[in-house]
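Any value given below was found using the heavy atoms of this structure, including those in side chains, with hydrogens, waters and symmetry copies removed. What you see is a predicted model, and the numbers here were worked out from it, not measured in a lab. Throughout, residue positions are numbered sequentially from 1 according to the sequence presented.
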Amino acid sequence: MKERNTDILIVGGGTGAIGAALAALRLGKSVIMSEETDWIGGQLTAQAVPPDENPWVDQCGATATYMRFSDGVRDYYRRNYPLTEKARYTMNWNPGQGNVSRLCHEPRIGLAVIEEMLAPYRSSMQLDILLYHIPVAAETDGDRVLAVTLEDTRTGDQVVISAPYILDATELGDLLELADVESIIGAESQAQTGELHAVEGDPLPLDQQSISWCFAVDHLEGEDHTIDKPKDYDFWREYKADFWPDKQLSWYYSSPQTLEPVHRQIFHADFRHRYTGGPGDLWHFRRILYEGHYPDGAFPSDITLVNWPMIDYWLKPLLGVTEDVKQAALRECKQLSFSFLYWMQTEAPRSDGKCYGYPGLRLRPDIVGTTDGMAKYVYVREARRILAEFTVLEAHVGVQQREGFDAAEQFDDSVGIGSYRIDLHPSTGLRNYIDISCYPFQIPLGSLIPQRVENLLPACKNLGVTHITNGCYRLHPVEWNIGESAGALAAYSLDKSLTPRQVRNTESHLRDFQCLLKDELGVPLDWPPYARTTAR
């Protein structure tokens, strides 16, 4: 078995891992990063989820490196795509013109930009990325994690990597379990957290947010691109949850905020070759390529990513269950996505009155880099969460529970910021949406520090939050910021021969570290006044 060592080991190659690596590398540390698939970037790439961002993201509300990524995506299109003059010279233009984000882009473009950002460090061998590697074991000594064993999923070969600091950037918080780091899964109770929207009675560890297997499609009217009937289609065609307004395969879903039935169509009723959008239109929600940005004939169709309520899977959790149950959940989740596509192609009521089905919907495996057309990795909304020195509660950020205040709790140990609604999708406890207003918030350093373990840090959605506050801390720019601050914290702790706990709890070091984040790395620590009191 091979053995290696590095300054900082980042296990998992998701969105937070990219921020973590860039911070550690800029501060002069050697880094080894592992990734389960062959695409680093997580939500931005392998999971095929265009960024969910705050309204001010083009001016504030994200780190300098995240903004560099955003600018890099736009620049990539300008350098390589035949844009119209209008699109080419529009500041902060949106490649897909999607509704969900100001930066709806193709996953592989996100990957290309991330690789550009990391390229110098890979060439100098300051950074090594081990693709197709998963953690299978961790060696510990008291309150420290000494090494992690990674396995190549293609060959079965293993490598043991030692590092003074180890970051868990896996999508499910896998390293927390392997290293016996105190953590929690599922839904806490009101008695535990005092949160208005926590569950009553006992905590529900197996109550976890739904997952989704995303996919990309374009539409060629008059052509037939119908896929083979999925194996589980008959089940999903008839399935209806008690809390859902209609069958899973329908144009109906629950309004996230009111839980009232909502009816949507894939296209607006005035469907034309260039989809202009309108009421009831799903096509524009996560559209990643807008043909109107290009000369006539450059592209045969828009391209959109399907990550809609109809493909949310909530029948089985991924955490706290056997490996067989987890794998069954992943298989069923993917079958749901295939089934929804097949239903849209064959049976979905059309908005233009032309009978049923849109056979012209064409699955685009090339867009997501797979052979079956589904994203490389399932979209995970909730992971294991560390039991931290400080846990962010609904009372710190939720508008309703902060009655009498006009902003989120101000954290003296802030290491970043974020803004998003507390948005929880239907869960494996068969509970509907929890979608409630939230103030723009900060990321407290205490939420990155485990209660006991000294040298393992969370670098994505596995920080010290609850089932409820995970709903606003789990999105792209926030996860990137969490990772970036964790990577910087590990580098700073190495340089100063301190533990992260000592950095937080020593006034001079805390201020010094915050200055490093703000002045050297461009990590904002607070919201400007005009944004701080604007609830979402």
Side-chain angles (χ1 to χ4, degrees), residues 14-16 18-19 22 39-81 83-84 86-118 214 216 275 277 282-294 299 302-308 364 367-369 375 379 416-421 423 440 472 474-484 522-524 531 536:
T15 301
I18 306 307
L22 287 168
W39 278 15
I40 57 175
Q43 295 183 74
L44 292 165
T45 59
Q47 295 178 36
V49 185
D52 286 295
E53 299 170 324
N54 63 76
W56 313 277
V57 71
D58 291 328
Q59 293 80 38
C60 66
T63 71
T65 55
Y66 185 86
M67 295 306 299
R68 182 181 159 205
F69 166 78
S70 299
D71 292 341
V73 168
R74 294 183 174 103
D75 185 56
Y76 188 98
Y77 280 97
R78 289 188 177 105
R79 287 186 286 111
N80 297 289
Y81 280 57
L83 294 167
T84 63
K86 179 180 178 181
R88 184 174 302 279
Y89 295 108
T90 298
M91 184 177 294
N92 296 330
W93 72 291
N94 190 339
Q97 209 68 21
N99 298 334
V100 74
S101 170
R102 288 171 169 79
L103 191 69
C104 289
H105 61 84
E106 298 163 78
R108 59 186 176 186
I109 306 307
L111 175 66
V113 174
I114 288 170
E115 291 283 11
E116 283 184 349
M117 296 173 75
L118 294 174
C214 305
Y275 313 110
L282 286 165
W283 186 261
H284 292 75
F285 185 49
R286 295 187 185 273
R287 183 174 58 182
I288 55 172
L289 187 142
Y290 172 45
E291 59 163 333
H293 283 325
Y294 305 95
F299 294 93
D302 293 344
I303 302 172
T304 197
L305 274 170
V306 177
N307 178 17
W308 307 334
R364 294 293 302 269
I367 296 296
V368 295
Y379 177 29
I417 60 176
S419 179
Y420 203 76
R421 291 180 65 83
D423 172 18
C472 60
R474 65 179 176 82
L475 286 310
H476 306 62
V478 186
E479 182 178 327
W480 184 296
N481 193 154
I482 292 165
E484 191 163 356
V523 176
R536 297 194 62 197

Looking only at non-hydrogen atoms, find the nearest pair between [X] and [Y] and report the distance.
X      : Y      : answer
Val523 : Gly416 : CG1-CA, 4.1 Å
Ala48  : Ala375 : CB-CB, 3.9 Å
Gly292 : Thr84  : O-CG2, 4.3 Å

Original post:
How would you list, by chain and number, every residue that makes a side chain to side chain contact (heavy atoms under 4.5 Å, CB included) with Thr45, sequence neighbours excluded?
Top reply: Trp39, Leu111, Ile114
How far does [atom1] of [X] sit from [atom2] of [Y], to the nearest 0.5 angstrom?
X      : Y      : atom1 : atom2 : value
Tyr290 : Thr304 : OH    : OG1   : 13.5 Å
Gln43  : Leu475 : CD    : CG    : 6.5 Å
Met117 : Thr65  : CE    : OG1   : 5.5 Å
Thr63  : Ile482 : OG1   : CD1   : 11.5 Å
Ile288 : Ile109 : CD1   : CD1   : 9.0 Å
Asp302 : Leu289 : CG    : CG    : 7.0 Å

Report yes or no: does [X] contribute a side-chain atom to a donor-acceptor pair with the main-chain N or O of [Y] at less than 3.5 Å?
X      : Y      : value
Asn481 : Pro477 : no
Arg286 : Leu305 : no
Arg102 : Val57  : no
Asn94  : Ser101 : yes
Arg108 : Gly369 : no

Original post:
side-chain contact (heavy atoms from CB on, under 4.5 Å) between Leu103 and Asn92: does it pass, once the steps are laid out?
Top reply: CA-CA 8 Å; Leu103 191 69; Asn92 296 330; over 6 Å; no
Salt bridge check, [Y] against [X]: does any charged N sit closer than 4.0 Å to a carboxylate O?
X      : Y      : value
Arg79  : Glu116 : yes
Asp75  : Arg68  : no
Arg78  : Asp71  : no
Arg474 : Asp52  : no

Would you please say whether a donor-acceptor pair under 3.5 Å links the side chains of [X] and [Y]?
X      : Y      : answer
His293 : Gln97  : yes
Glu479 : Tyr66  : no
Tyr77  : Glu106 : yes

Side chain to side chain, [X] and [Y], heavy atoms closer than 4.5 Å:
X      : Y      : answer
Pro107 : Ile367 : yes
Val478 : Tyr420 : no
Pro51  : Leu44  : yes
Arg536 : Ser419 : yes

Subject >> Stepwise side-chain contact (heavy atoms from CB on, under 4.5 Å) check, Arg287 with Ile303 >> reply: CA-CA 6 Å; Arg287 183 174 58 182; Ile303 302 172; over 6 Å; no
Subject >> Mutual orientation of the aromatic rings belonging to Tyr81 and Phe299 [parallel < 30°, tilted 30-60°, perpendicular > 60°] >> reply: parallel
**OP:** Could you walk me through whether Val49 and His476 pass side-chain contact (heavy atoms from CB on, under 4.5 Å), step by step?
**Re:** CA-CA 9 Å; Val49 185; His476 306 62; 3.8 Å; yes
